[in-house]
Amino acid sequence: MSPRRNRIQKSEDRESAAPMGGSLRRVESYRGEDWVVQTVAGTAGRYYRCPGCDQEIPPGVGHVVAWPDHSSGVDDRRHWHRACWGARERRGSNLLRGRGAPKY
């Protein structure tokens, strides 16, 4: 059996495969709104709080960042586990936080 041939992609093929600077960005519907969803590698070195399960996303873990399509601010972005974002419609919001608790 001969080895697989590694072909170099043309520049226009690479741009269509990974738009927006190398990360995958798409628009999905959630709670009657359009949300921009971007897959990230998690290399920022920060901890994030997933709104789906209220657990931390440690640095180095790939996850999803989502924000309303009509918004352009950083404050509206939420970092989700990939599985939590996929199950967002099936999961109820059962977050019971006190008034002084951080929202992350």
Side-chain angles (χ1 to χ4, degrees):
M1 179 184 282
S2 62
R4 183 176 63 163
R5 185 181 296 184
N6 292 328
R7 294 185 180 141
I8 299 173
Q9 290 182 343
K10 296 178 185 175
S11 62
E12 59 269 6
D13 291 341
R14 276 183 284 179
E15 290 173 7
S16 65
M20 305 294 178
S23 60
L24 299 176
R25 192 178 284 191
R26 60 196 179 278
V27 177
E28 294 185 17
S29 179
Y30 176 55
R31 292 187 180 171
E33 295 184 63
D34 285 338
W35 286 66
V36 179
V37 181
Q38 182 174 345
T39 303
V40 295
T43 57
R46 294 183 51 192
Y47 285 88
Y48 297 103
R49 176 79 54 182
C50 176
C53 64
D54 200 33
Q55 300 295 315
E56 286 186 344
I57 302 172
V61 174
H63 58 279
V64 171
V65 180
W67 63 93
D69 192 22
H70 58 82
S71 174
S72 62
V74 179
D75 296 334
D76 293 332
R77 294 182 182 181
R78 298 291 173 255
H79 295 256
W80 294 69
H81 292 106
R82 290 179 184 149
C84 294
W85 178 256
R88 67 191 179 277
E89 298 293 341
R90 296 185 303 268
R91 181 177 279 175
S93 61
N94 57 356
L95 301 178
L96 303 174
R97 292 192 181 112
R99 289 185 183 200
K103 295 181 182 177
Y104 292 98

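Every heavy atom of this structure was used, including side-chain atoms; hydrogens, water molecules and symmetry mates were not.
For Trp85, the ring-ring contact (aromatic ring centres under 6.0 Å, His included) partners are Tyr30, Trp80, not counting sequence neighbours. Scored by the salt bridge (charged side-chain N to carboxylate O under 4.0 Å, His left out) test, Arg82 finds no partners at all (sequence neighbours excluded). Not counting sequence neighbours, Glu33 has no partner by the salt bridge (charged side-chain N to carboxylate O under 4.0 Å, His left out) test. Checked against ring-ring contact (aromatic ring centres under 6.0 Å, His included), His63 has the following partners two or more places apart in sequence or in another chain: Tyr48, His79. Shown here are the side chain to side chain contact (heavy atoms under 4.5 Å, CB included) partners of Pro58, two or more places apart in sequence or in another chain: Tyr47, Val61.
For the side-chain contact (heavy atoms from CB on, under 4.5 Å) criterion with Val37, the lone passing option out of Val65, Val27, Leu24, Val64 is Val64.
In this structure, the separation between NE2 on His70 and CG on Asp76 is 7.0 Å, given to the nearest 0.5 Å. The CG atom of Asp75 sits 13.5 Å away from the CH2 atom of Trp67 when rounded to the nearest 0.5 Å. Rounded to the nearest 0.5 Å, atoms SG (Cys50) and NE2 (His81) are 5.5 Å apart.
The shortest distance between side-chain heavy atoms of Val36 and Gln38 does not fall below 4.5 Å. Contact of the Arg46 side chain with the Ile57 side chain is not registered, since no non-hydrogen atoms from C-beta on lie closer than 4.5 Å.
When atom types are taken as modelled, the side chain of Arg77 and the backbone of Ala66 share no donor-acceptor pair closer than 3.5 angstrom.
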